[in-house]
Every structure is written in structure tokens, then in C-alpha cells.
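Scroll down for the structure; my scribbles are underneath it.
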Amino acid sequence: MDCHLLRPLSSSHHYFFSPASRVTGCITQRHCSNFQTHKKINGDNIQRFKGCFMDPHTKHSNQNTAQHRRSYQCIPLNASSGHPLESEPQIYESKSPWSLILASLNALYKFSRPHTVIGTAMGIISVSLLAVENMSDLSPLFFTGLMEAVVAALFMNIYIVGLNQLFDIEIDKVNKPYLPLASGEYSVRTGVAVVLVSVIMSFGIGWVVGSWPLFWALFISFILGTAYSINLPLLRWKRFAVVAAICILAVRAVIVQLAFFLHIQTFVFRRPAIFSRPLIFATAFMSFFSVVIALFKDIPDIDGDRIFGIRSFTVRLGQQKVFWICVYLLEMAYAVAMVIGGTSSCFWSKCVTVIGHAILASALWNHARSLDLKSKTAITSFYMFIWKLFYAEYLLIPLVR
């Protein structure tokens with residue numbers, strides 16, 4: 001039996017036949033080659049023939065050979081994998097709208113740096129609860145004011161981290177190649193669009209709400225976040241280790257604690273501004289924590305920072321020294337927190353504060369002792385563990401009395 005083949009375009013491609021129309025009894029997606037002689041097993045007989053593999057259970061006659069020849073088309077195989085390209089439908093079929101939506105959301109998720117988004121949201125919720133004096137304060141008015149603050153702040157958060165990625169594309173190709181701009185998943189135009197929409201939405205919400213503490217929190221965050229990243233004369237403060245740490249401390253420790261507390265206290269509840277013991281504790285503790293985050297975030301990024309002239313503390317002092325500075329600073333903060341908790345006049349607050357911070361301090365120390373500082377993956381994982389401790393602290397702060 002003859003098998004009629006199309007002449008191959010190049011020697012690097014194999015071909016298989018795919019039916020252009022349904023033909024009963026024909027097996028499709030079988031490999032063909034003009035260059036090899038194959039064996040066909042039909043019962044007990046072995047027949048040598050050139051051409052394609054056909055179904056051994058199907059009988060064809062010479063009379064219908066032309067019909068089969070017309071009903072087949074030759075399709076190139078993937079030379080590297082040896083599998084038909086048709087077996088990978090995503091190559092020929094366009095993605096469904098649902099897949100495109102999911103891909104876009106996933107890219108936005110990575111672009112927004114979700115660990116910072118979670119930290120911002122939890123910080124605002126935590127300090128807002130410090131303004132609650134009794135259960136009746138947990139009213140629709142409170143939750144509306146809280147939601148306005150959280151949404152506006154999250155848009156500003158996306159603006160800040162997005163702007164940083166726009167000016168760090170080459171650095172991120174070394175340090176964080178999975179980010180959308182560095183990987184090419186986002187074009188620069190798309191990144192600029194997301195950043196512009198985010199900052200407009202943030203200021204728009206702040207202006208419509210009409211809360212001055214909220215608006216000033218957004219405005220100061222905008223100024224510091226822009227100066228931190230943008231590459232203009234006298235700016236791009238991230239190049240200077242101390243100034244970069246001050247920027248992060250000002251936003252994470254001072255603005256989040258004080259401004260959003262005052263938003264709830266003075267704008268939502270219409271009460272006079274006060275600086276309570278829990279608020280002072282939250283501001284002081286998060287100042288330590290923000291310094292730790294500012295220092296630690298550069299430890300896994302040492303390669304790219306060194307190449308592109310970012311003089312971080314890690315580049316200057318080395319990974320190991322900065323790592324243990326961060327651990328000791330955080331352990332000191334936990335020790336002070338336990339002392340403050342032990343002086344509380346509220347018994348349940350005293351127990352929760354002391355025991356909670358003791359558990360967090362122990363977890364930090366045990367994790368730090370087992371870390372392999374030569375592994376970038378391990379260091380990055382530990383950095384995310386620091387953020388989990390950050391979240392846990394915001395769960396404890398409303399319980400401080």
C-alpha cells in the first residue's frame with residue numbers, strides 16, 4: 001500500500017497527517033516521514049513500507065488511495081519535542097476571555113506587591129480599632145470610614161510600588177525577574193497606565209471623602225514614594241541607605257499609625273485628637289519594625305543593587321551583618337513590648353501582650369538560627385516570614401491597653 005506524502009520543507013521537520021474531513025477508519029495525528037522506513041504489524045506478518053503509520057485494523061484499497069490523499073493535510077511536528085503541534089491546542093486556539101481575565105488579574109496581583117498591600121490594609125484596620133471605645137462604635141459609620149481609608153490607601157500603595165518597578169526594570173531583571181515589567185508580561189505603557197489610574201483614584205477618593213487626616217496621609221505618602229523611586233536630580237532617594245530607611249519608616253510607622261487613627265478619631269467619630277498609650281506603643285514598635293523591613297528588603301537584592309550602584313546597607317556591610325542587625329533589632333522590640341505589656345493595668349491585655357510577643361520572639365529566633373544565608377531562596381523566604389510577623393503584630397496592637 002502506498003502512502004502519498006508531501007515533500008518536507010526542511011530536514012528539521014517531521015510530518016503527520018491530519019484529516020481535512022472525517023474519514024471513517026483513519027487514524028489521525030500519526031507520524032510520517034520520507035526519510036525512514038517503518039514496520040507495520042498486521043497479524044503475524046511484518047511488512048516494510050515507506051510512509052506513515054496507519055491503523056493496522058483498517059483495510060484500504062488502492063482504489064480509495066486518492067480519496068485518502070485528498071482528505072489528509074501534512075502538518076509539521078515540533079522538532080524539539082517530537083509531538084505534533086496540534087496536540088498543543090493553545091498554539092492554534094486563542095485563549096478564552098476567562099483565561100485572559102485571569103492572566104490580567106494575576107499580573108496585576110504581582111505588580112501590586114501583595115505582601116505590602118496586606119500590610120497596609122492590616123495596619124489601617126488595626127490602628128482604626130484603637131479609636132473604638134465601646135461596642136456601639138462598631139457602627140456602619142465606622143466601617144464606611146474605615147473602608148474609605150483602606151481603599152484610598154491601597155490605590156496609593158499600588159502607585160508607590162508600581163512607580164518603583166517602572167524605574168527598576170533593569171535591576172528587577174536581576175533581583176526579581178518574575179515581576180510583570182521585568183519579565184515582559186507588562187509593557188512600560190501598561191505599567192504607566194496602572195500607576196496613573198491608581199494615583200488618580202487614590203486622590204479622588206481622598207478628596208471626595210473630605211477627611212484632612214486621610215488626604216494628608218495620601219499626599220505625604222505620594223511625595224515620599226515618588227522621591228524614593230523617580231530618577232530625577234536630587235531624587236531617587238533609594239540610592240542612599242539612611243534616606244531610604246527614613247522614607248519607609250515615615251510611611252509605615254508614622255503615617256499609617258497617626259494619620260489613619262486621626263481619620264477615624266476626628267473625622268468619623270468627631271472626637272478630639274488624643275494620643276493614647278496604645279497609639280504611642282504602636283507608633284514606636286512599628287518604627288523599629290519599619291527599620292527592619294527597610295534593611296532586610298535589600299538583603300536578597302544585593303546582586304542587582306551592587307551592579308546598578310544602589311548603596312544599600314547590605315552592599316556596604318554584607319548580608320550576614322545586616323541580617324543579624326535586623327534580627328537583634330526585632331528581638332529588642334519584642335522585649336520592650338513584653339515589658340510594656342507587663343505594666344498594663346488590664347489583666348487580659350497583660351497576658352495577651354506578654355505571651356503573644358514572647359511567642360513571636362521565639363519563632364523569629366528559631367527561624368533565624370536555621371537560615372542558610374548562602375541561599376537567596378532561603379533569604380527571600382525569611383523576608384516574607386518577617387512580613388508575617390508584621391501582620392501578627394497588627395493583630396496584637398488593638399489588644400494593647
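These numbers were taken from a predicted model, which means no experiment stands behind them. Numbers here simply count residues along the sequence, with the first being 1.
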Practice task
Check whether any side-chain N or O of Ser202 sits under 3.5 Å from a backbone N or O of Ser198 as a donor-acceptor pair, and report yes or no.
Solution key: no
Practice task
Mind telling me whether Phe269 and Phe142 have parallel, tilted or perpendicular rings, with 30° and 60° as the class edges?
Solution key: parallel
Exercise for the section: Decide side-chain hydrogen bond (donor to acceptor under 3.5 Å, both in side chains) for Ser99 and Ser96; before the verdict, give the C-alpha distance in whole Å, the side-chain angles of both, and the deciding distance to 0.1 Å. Expected result: CA-CA 5 Å; Ser99 299; Ser96 66; 2.9 Å; yes
Practice task
Check the angle between the aromatic planes of Phe215 and Trp207 and answer parallel, tilted or perpendicular using the 30° and 60° thresholds.
Solution key: perpendicular
Problem - Pairwise distance CD(Glu148) to CG(Leu146) - rounded to 0.5 angstrom - result: 9.5 Å
Handout entry: Within the 6.0 Å centroid threshold, strictly below: Phe222 and Phe203
Key = yes
Fill in the blank from the handout: Closest non-hydrogen contact found for Val256 with Val127 is O-CG2, 3.4 Å
Handout entry: Arg271/Asp137 ion pair, N-O < 4.0 Å
Key = yes
Handout entry: Validation row, ring centre Phe390 to ring centre Tyr394 under 6.0 Å
Key = yes
Exercise for the section: Evaluate the side-chain proximity of Phe288 to Val292: yes if any heavy-atom separation is below 4.5 Å, no if none is. Expected result: no
Practice task
Work out which heavy atom in Gly145 is nearest to a heavy atom in Val268; give both atom names and the distance.
Solution key: CA-CG2, 3.9 Å
Exercise for the section: Would you please indicate if the ring centroids of Phe240 and Trp237 are separated by under 6.0 Å? Expected result: no
Practice task
Would you name the heavy atoms of Val132 and Leu138 that are closest together and state the gap between them?
Solution key: CG2-CD2, 3.9 Å
Problem - Salt-bridge present (Asp301, Lys176; N to O < 4.0 Å) - result: yes
Exercise for the section: Determine whether the aromatic ring centres of Phe275 and Phe261 lie less than 6.0 Å apart. Expected result: no
Practice task
Would you check if Arg277 and Arg401 make a side-chain contact, meaning some heavy-atom pair closer than 4.5 Å?
Solution key: no
Practice task
Could you tell me whether the side chain of Ser183 and the main chain of Pro180 form a donor-acceptor pair under 3.5 Å?
Solution key: yes
Under 3.5 Å, which donor-acceptor pairs do the side chains of residues 312-322 form with other protein atoms, sequence neighbours left out?
residue : atom : partner : partner atom : Å
Ser312  : OG   : Val315  : N            : 3.3
Gln319  : NE2  : Ile299  : O            : 2.9

Handout entry: 4.5 Å side-chain heavy-atom contact, Tyr334 and Leu389
Key = yes
Handout entry: Non-hydrogen side-chain atoms of Thr116 and Trp387 separated by less than 4.5 Å
Key = yes
Exercise for the section: With side chain to side chain contact (heavy atoms under 4.5 Å, CB included) as the test, would you mind laying out the steps for Asn175 and Ile302 before giving the verdict? Expected result: CA-CA 8 Å; Asn175 292 336; Ile302 186 172; over 6 Å; no
Handout entry: Pairwise distance CD1(Ile248) to CD1(Ile160) - rounded to 0.5 angstrom
Key = 10.5 Å
Problem - Leu396 side chain reached by Leu360 side chain, heavy atoms, under 4.5 Å - result: yes
Practice task
Report yes or no: does Asn106 contribute a side-chain atom to a donor-acceptor pair with the main-chain N or O of Leu102 at less than 3.5 Å?
Solution key: no
Exercise for the section: For residues Leu181 and Asp172, determine if any side-chain heavy atom of one lies less than 4.5 Å from a side-chain heavy atom of the other. Expected result: no
Exercise for the section: Examine the side chains of Ser187 and Thr190 and answer whether a donor and an acceptor come within less than 3.5 Å of each other. Expected result: yes
Handout entry: Minimum heavy-atom distance between His263 and Ala149, given as atom pair plus value
Key = CD2-CB, 3.8 Å
Exercise for the section: Show the numbers, then the answer: is there a side chain to side chain contact (heavy atoms under 4.5 Å, CB included) between Gln257 and Arg252? Expected result: CA-CA 8 Å; Gln257 319 309 318; Arg252 288 285 172 193; 6.0 Å; no
Practice task
Output the distance between atom NZ (Lys110) and atom OH (Tyr178), rounded to the nearest 0.5 Å.
Solution key: 10.0 Å
Exercise for the section: For residues Ile124 and Ala153, report the shortest heavy-atom separation together with the two atoms involved. Expected result: CD1-CB, 3.3 Å
Practice task
For residues Val161 and Ser112, report the shortest heavy-atom separation together with the two atoms involved.
Solution key: CG2-O, 3.5 Å
Handout entry: Crowding at CE, Met135 (>12 non-hydrogen neighbours, <6.0 Å)
Key = no
Exercise for the section: First locate atom OG1 of Thr226, then atom CG of Leu232, and finally report the distance between them rounded to the nearest 0.5 Å. Expected result: 10.0 Å
Problem - Short side-chain to backbone donor-acceptor contact, Thr283 and Val254, under 3.5 Å - result: no
Problem - Validation row: Ser126, Pro398 side chains within 4.5 angstrom (heavy atoms) - result: yes
Exercise for the section: Identify whether the distance between the nearest side-chain nitrogen and carboxylate oxygen of Asp168 and Lys238 falls below 4.0 Å. Expected result: yes
Exercise for the section: State whether the side chain of Tyr186 and the backbone N or O of Leu179 hold a donor-acceptor pair below 3.5 Å, judged by distance alone. Expected result: no
Practice task
Validate the cation-pi geometry between Arg270 and Phe267: distance from NZ or CZ to the six-membered ring centre under 6.0 Å, angle to the ring axis within 45°.
Solution key: yes
Exercise for the section: Calculate, to the nearest 0.5 Å, the distance between atoms CG and CG belonging to Leu105 and Leu100 respectively. Expected result: 11.0 Å
Practice task
May I ask you to test the Ile293-Tyr383 pair for a side-chain heavy-atom distance under 4.5 Å?
Solution key: yes
Problem - Heavy atoms of other groups near Tyr109 OH, more than 12 under 6.0 Å - result: no
Practice task
Return yes if some donor-acceptor pair links the side-chain N/O of Ser375 with the main-chain N/O of Asp372 below 3.5 Å, else return no.
Solution key: no
Practice task
Please answer whether the main-chain N or O of Pro272 pairs with a side-chain N or O of Thr266 as donor and acceptor at a distance below 3.5 Å.
Solution key: no
Practice task
Start with the C-alpha gap between Cys346 and Trp348, add the side-chain angles, then the distance that decides, and say whether side chain to side chain contact (heavy atoms under 4.5 Å, CB included) holds.
Solution key: CA-CA 6 Å; Cys346 179; Trp348 64 265; 2.8 Å; yes
Problem - Worked check of side chain to side chain contact (heavy atoms under 4.5 Å, CB included) between Ile386 and Leu364 - result: CA-CA 8 Å; Ile386 294 290; Leu364 172 64; 4.1 Å; yes
Exercise for the section: Hey, could you give me the OG/NE2 distance between Ser362 and His367, rounded to the nearest 0.5 Å? Expected result: 14.0 Å
